[in-house]
Asker: 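There's a structure below that I have some questions on.
The analysis underlying the following values was restricted to heavy atoms, covering all of them including side chains, and did not include hydrogens, waters or symmetry mates. So that the names make sense, note that chain A is the first sequence line, chain B the second, and so on, each numbered from 1.
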2 protein chains.
Amino acid sequence: MREELTNELLFFFNGFSSWENSIVRASDLTISEAHALEVLGEHEKINMKSLAQKLGVTTGTTTVTVDRLEKKNFAKRESTQEDRRVNLIVLTEKGKQAFEEHHNYHIQLTEQMVSVLSEEEIKQFHDTLKKINMETF
Amino acid sequence: MREELTNELLFFFNGFSSWENSIVRASDLTISEAHALEVLGEHEKINMKSLAQKLGVTTGTTTVTVDRLEKKNFAKRESTQEDRRVNLIVLTEKGKQAFEEHHNYHIQLTEQMVSVLSEEEIKQFHDTLKKINMETF
DNA sequence: ATCTTATTGTTTGATATTCAAGATGTATTA
DNA sequence: TAATACATCTTGAATATCAAACAATAAGAT
């Protein structure tokens, strides 16, 4: 049973990855920019270290990604008085718009996924995911 | 509700990606090699085009990945009599072993994920994933 | 106050990943 | 046989990533 569940999980992840690659490829964004945007869209301001942690990459990598987001005018760095080492990253208007657009694709995918489930199953699925997320990640 | 589910799904995917990156980084494999291994481990023989499709990348990309798997002695190309254009990729003994090892990590993660669920919830979760996989991906 | 250590972020150099477009060899069809 | 389709590989370019070294700033110890 665990074996079967593992296989469904892998299939699920692969499906999602492929789907995400294809929608990102059809946009202005690269994959890493899109991932950064996903995090930035959920935070008013976030520093490089936290952003890197949430993305699961090093700060060096994040520096490059944010450089590109700035160059494309999706985000900008702001400095703080409290700690002058820290950069706070914020989305520009253009960035917020791109985030919304990208996020809408996610909601559409969710809609498509759950279209075969009953409301009860959807609620169960949500609760299970939430439990797993809290305990595992 | 869809919004919340979308967020849990994204968190779930990100968590899984980070986890996978970290276990792969601690092994002999690179990410793309590991993904190829996951597919190869489930097939006795598979040609380049199918492998590429299952990985969601172009055949050009797959060529490079399989080159490296061959160089590392995890897999080898076999030609067929039926169609001499086609390469069938098979795992070597070393490759099978690497697959098993990698797969065990996945099972361990599954185990960890479901450790907070009841057997009934696990079954529900499995069935839901299966339905979604069949309909969506 | 100053010296040491820790932290945040950037840079650098190397490797890996990926795609699109074109090339090559093989099969299929007209 | 000629034309077309197909499977794979090659090439060139853009991205993605890490580890390690670096610079600036903050925090703690004496």
Asker: Using a heavy-atom cut-off of under 4.0 Å over every strand shown, decide if Thr59(B) touches base, sugar-phosphate, or nothing.
Answerer: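 Base contact.
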Asker: Report the nucleotide, chosen from dT15(D), dT8(D), dT8(C), that has the shortest atom-to-atom distance to any side-chain atom of Lys49(B).
Answerer: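 Shortest atom-to-atom distance from the side chain points to dT8(D).
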Asker: Please figure out whether Lys72(A) or Thr62(B) has its closest DNA chain D nucleotide nearer the 5' end.
Answerer: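 With Thr62(B) and Lys72(A) compared, the 5'-side residue is Thr62(B).
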Asker: So do Leu88(A) and Arg77(A) actually touch side chain to side chain, heavy atoms under 4.5 Å?
Answerer: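 No - every pair of side-chain heavy atoms lies 4.5 Å or more apart.
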Asker: Please confirm whether the shortest side-chain N or O distance from Thr58(B) to OP1 or OP2 of dC19(C) is below 4.0 Å.
Answerer: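 Answer is yes, contact under 4.0 Å.
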Asker: Measure CG/Leu69(B) against C1'/dA16(C) and give the value in whole Å, please.
Answerer: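 That distance rounds to 13 Å.
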Asker: With under 30° as parallel and over 60° as perpendicular, where do the rings of His103(B) and His106(B) fit, or are they tilted in between?
Answerer: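 Plane angle over 60°, so perpendicular.
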Asker: Separation of Gln81(B) atom CD from dA27(C) atom C1', in whole Å?
Answerer: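 Taking CD of Gln81(B) and C1' of dA27(C), I get 16 Å after rounding.
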Asker: Surrounding CD of Glu44(B) (heavy atoms of other residues, nucleotides or ligands, distance under 6.0 Å), is the total greater than 12?
Answerer: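 No, because the 6.0 Å sphere around CD of Glu44(B) holds 12 heavy atoms or fewer from other groups.
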Asker: Verify the contact: side-chain N or O of Ser32(A) to OP1 or OP2 of dA16(D), cut-off strictly under 4.0 Å; return yes or no.
Answerer: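 Indeed, a polar side-chain atom of Ser32(A) lies that close.
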Asker: What is the distance, rounded to the nearest whole Å, between atom CD of Glu70(B) and atom P of dT8(D)?
Answerer: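 To the nearest whole Å, that distance equals 13 Å.
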Asker: Nearest-Å distance, CG (Asp83(B)) to C1' (dT8(D))?
Answerer: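 Interatomic distance, CG of Asp83(B) to C1' of dT8(D): 11 Å.
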Asker: Taking CZ from Arg25(B) and C1' from dA19(D), how many angstroms apart are they, rounded to a whole number?
Answerer: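 After rounding, the reported distance stands at 11 Å.
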Asker: Could you give the distance from OG1 (Thr62(A)) to CD (Gln53(A)), rounded to the nearest 0.5 Å?
Answerer: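 That separation rounds to 9.5 Å.
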Asker: Indicate whether OP1 or OP2 belonging to dC9(D) is found under 4.0 Å from a side-chain N or O atom of Thr63(B).
Answerer: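 Affirmative; the distance criterion is met.
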Asker: Quick one: is Thr61(B) getting a side-chain N or O under 4.0 Å of the dC19(C) phosphate, OP1 or OP2?
Answerer: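 Yes.
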Asker: Check this one for me: any side-chain N or O of Arg84(B) less than 4.0 Å away from OP1 or OP2 of dG25(C)?
Answerer: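 For dG25(C), OP1/OP2 do not have a side-chain N/O of Arg84(B) under 4.0 Å.
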Asker: If I take atom CE in residue Met48(A) and atom C1' in nucleotide dT11(C), what distance separates them, rounded to the nearest angstrom?
Answerer: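 Taking CE of Met48(A) and C1' of dT11(C), I get 12 Å after rounding.
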Asker: Nearest nucleotide by nearest heavy atom, which residue falls closer to the 5' end of DNA chain D, Val57(A) or Glu82(A)?
Answerer: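 Its nearest nucleotide lies further toward 5', so the answer is Val57(A).
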Asker: How many whole angstroms separate atom CD of Glu20(A) from atom P of dT18(C)?
Answerer: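 One finds 14 Å between P of dT18(C) and CD of Glu20(A), rounded.
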Asker: Any side-chain N or O of Arg85(A) under 4.0 Å from OP1/OP2 of dT10(C)?
Answerer: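 No, no such contact exists.
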Asker: Is the count of non-hydrogen atoms from other residues, nucleotides or ligands lying under 6.0 Å from Lys130(A) atom NZ greater than 12?
Answerer: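 Counting other residues, nucleotides and ligands, NZ of Lys130(A) stays at 12 neighbours or fewer.
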Asker: Calculate the interatomic distance between Leu29(B) atom CG and dT17(C) atom C1'; express it in whole Å.
Answerer: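 In whole Å, dT17(C) C1' and Leu29(B) CG are 15 Å from each other.
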Asker: Reckon Asn21(A) has a side-chain N or O less than 4.0 Å from the OP1 or OP2 of dC19(C)?
Answerer: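 For Asn21(A), the contact criterion (side-chain N or O under 4.0 Å from OP1 or OP2 of dC19(C)) is not met.
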